[in-house]
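Since this is a predicted model, take the numbers as computed values, not measurements.
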Amino acid sequence: MSPEKSFPPPSGARPDAQEVMDRCDELAAISFLRHGIERTYLTPEHAKHNALAAEWMKEAGMQVRVDPAGTLIGRMEGSEPGLPAVVIASHLDTVPNAGRYDGILGVLSGIAVARRLRDRAGELPFAVEVCAYGDEEGVRFGATLLGSRAMAGSWNEGWMDLEDEHGVTLEQAFRDFGLDPSQVATAAKRAEDVVAYLEIHIEQGPFLEAADQSLGVVTAIAGARRLALQIHGDARHAGGTPYARRKDALVGAAIAVQAIERIGRETGVIATVGQLEAHPGAVNVVPGRVDFSLDLRAADDALQARTWTRILQEIESTCASRGLTLTWEQIHSAPTVTCAPWVMDAVVDGIAATGDDAPMRLWSRAGHDAMAMAAVTDIGMIFVRCEDGISHHPNESVLVEDVAAGLDALEATVWSLAERVRAGRAPADGRP
């Protein structure tokens, strides 16, 4: 179904695309680091990026507030006050030594599109809210998606006891920021107050660039499982212990790492060992224990589970053949989140309005705030091509032409959602 014909067609590259790029540069100047970009949750940098983005939201015609979890929210009413909202959101926090587009591009694109909608907002059967979350990356306190989880009603009160590297608890950080930690639960939105959630984000992968496409339709966000594994052997003198007598935990771990990569390639599951440490760690001692991590990501939870079972069996077999033992603990698990078909259809309409009638569909290997918001409403995402798939690095780069296409697609997606709501083809409460 094409977007409603009454809204103005995209005009191609517009000055606001360059403005979005320039604003990304402005935000990049807000940083804890003298050289490089770092903005984390409930810090002075968080307050500064909220203040600057609030100015841009007001200029776009939105009413602005900060919710009890520190999320900046700009709201533009639709055909009448108080309607449920289409939420367009992403995050303004960063990893250390970050790029300038991860999350930031999504927030600023939302503001730019809100300004485009301003003169015709009275025709929309819903409000539009642009949200700038202050914590998606989880750098300061370790727990991720804090802003969007508060908005989705999945906040964990136990997080208030988390401490940063300086011993400051999350609860104290709330107070220092001027927020009341006892009010976080009131940040939650009800399903009936949200029509859908949209997020536009750099791909953080190479697939759009390889296909020479500016934009893509996200079908799902990968479920993730993280495990801490230990292989136990026998620490012995390196010179005095012959090979036949060795129970070398590091050799066992090396074989395991190779098996993990091979099985990941064979199954299509992303399997990564990002940490590995040998103990006791002396140059002249056969390692007696190795600790290592495993990160598994897939667009299908059942496939991910089967892959982990296969990896586990192979590592156990290796250990048994070498006189080693394996222990492991699952330290994180998040289910795969699927984008809602009706919202994906609207995204397809939006991208088609830019001239791409057959946009690439791909699943996100990285996590996003949309994962949290899926608990309260239906979600959809647009990916924007980024150079060489680089992200979480100063070399993040996007083309202004792709940003322009993204703005046009996001604007057209909103109108396509409006058509579906008016025609009764959208869930009444934002859920299936």
Side-chain angles (χ1 to χ4, degrees), residues 1-14 16-17 20 60 76 78 85-90 105-118 120-121 123-130 194-203 208 211 213-221 338-364 368 370 373 377-386 398-423 425-426 430:
M1 178 64 66
S2 299
E4 188 183 41
K5 304 302 184 185
S6 63
F7 73 87
S11 62
R14 301 190 188 185
D16 55 354
V20 166
M76 181 177 291
V86 166
V87 174
I88 303 172
S90 197
L105 181 66
V107 174
L108 300 186
S109 295
I111 295 172
V113 166
R115 185 170 61 188
R116 290 186 180 188
L117 296 170
R118 177 175 54 195
R120 300 193 64 188
E123 300 175 31
L124 292 172
F126 44 68
V128 172
E129 290 188 352
V130 179
V194 188
V195 175
Y197 175 94
L198 294 174
E199 186 166 355
I200 184 167
H201 202 286
I202 61 172
E203 181 195 349
L208 287 172
Q213 291 188 263
S214 295
L215 307 174
V217 181
V218 178
T219 58
I221 304 172
T338 302
C339 293
W342 76 279
V343 183
M344 280 196 292
D345 288 345
V347 169
V348 170
D349 284 347
I351 297 177
T354 71
D356 183 357
D357 293 327
M360 187 174 184
R361 294 173 182 256
L362 62 170
W363 58 279
S364 176
H368 301 285
M373 290 300 292
T377 193
D378 285 341
I379 64 167
M381 287 191 69
I382 301 170
F383 269 167
V384 179
R385 170 172 54 185
C386 58
V398 297
L399 299 172
V400 67
E401 294 85 357
D402 291 347
V403 173
L407 295 179
D408 289 343
L410 183 58
E411 179 187 9
T413 298
V414 172
W415 288 108
S416 184
L417 290 174
E419 180 192 17
R420 285 170 164 77
V421 170
R422 280 193 291 264
R425 295 194 303 277

Of all residues at least two apart in sequence or in a different chain, which pass the side chain to side chain contact (heavy atoms under 4.5 Å, CB included) check with Val348? Val217, Pro359, Arg361

Out of curiosity, Trp363 CH2 to Met381 CE, how far, rounded to the nearest 0.5 Å? 13.5 Å

Stepwise, does the side-chain contact (heavy atoms from CB on, under 4.5 Å) test hold for Val343 with Ile379? CA-CA 7 Å; Val343 183; Ile379 64 167; over 6 Å; no

Partners passing side-chain hydrogen bond (donor to acceptor under 3.5 Å, both in side chains) against Ser109 (at least two apart in sequence or in another chain): none

Locate the shortest heavy-atom distance separating Leu362 from Gly216; write the atom from each residue and the value. CD2-CA, 4.0 Å

If you round to the nearest 0.5 Å, how far is CD1 of Ile382 from CD1 of Ile88? 9.0 Å

Output the distance between atom CD1 (Ile111) and atom CG (Asp16), rounded to the nearest 0.5 Å. 12.0 Å

Taking side-chain hydrogen bond (donor to acceptor under 3.5 Å, both in side chains) as the test, write out the residues that go with Asp356, two or more places apart. Gln213

Could I get the full list of side chain to side chain contact (heavy atoms under 4.5 Å, CB included) partners for Arg118, not counting sequence neighbours? Met76, Arg115

Applying side chain to side chain contact (heavy atoms under 4.5 Å, CB included), name anything that partners Ser364, two or more places apart in sequence or on another chain. Val218, Ile221, Ala366, His368, Phe383

Can you check side-chain contact (heavy atoms from CB on, under 4.5 Å) on Leu198 and Leu417, steps first, answer last? CA-CA 10 Å; Leu198 294 174; Leu417 290 174; 3.8 Å; yes

Between Val421 and Leu124, does a side-chain contact (heavy atoms from CB on, under 4.5 Å) hold up when you go through it step by step? CA-CA 9 Å; Val421 170; Leu124 292 172; over 6 Å; no

Minimal non-hydrogen separation, Val107 against Val130, with atom names: O-CG1, 3.9 Å

Interatomic spacing from CE in Met360 to CZ in Arg385 - rounded to 0.5 Å: 11.5 Å

Can you name the nearest heavy-atom pair linking Ala370 to Glu199, along with the distance? N-OE1, 3.2 Å

Which pair of non-hydrogen atoms, one from Leu215 and one from Ala409, has the smallest distance, and what is that distance? CD1-CB, 3.7 Å

Would Val20 and Leu105 count as a side-chain contact (heavy atoms from CB on, under 4.5 Å) here? Give the steps. CA-CA 7 Å; Val20 166; Leu105 181 66; 3.7 Å; yes

Hey, could you give me the CG/OG1 distance between Asp402 and Thr354, rounded to the nearest 0.5 Å? 10.0 Å

Return the set of residues passing side chain to side chain contact (heavy atoms under 4.5 Å, CB included) with Ala89 (not counting sequence neighbours), or none when no residue passes. Val87, Cys131, Tyr133, Tyr197

side-chain hydrogen bond (donor to acceptor under 3.5 Å, both in side chains) partners of Glu129, counting only residues at least two apart: Arg75, Lys189

Exercise: identify the closest heavy-atom pair between Leu208 and Ser214: CD1-O, 4.1 Å

For Asp349 versus Ser416, what's the shortest heavy-atom pair and its separation? OD2-OG, 2.7 Å

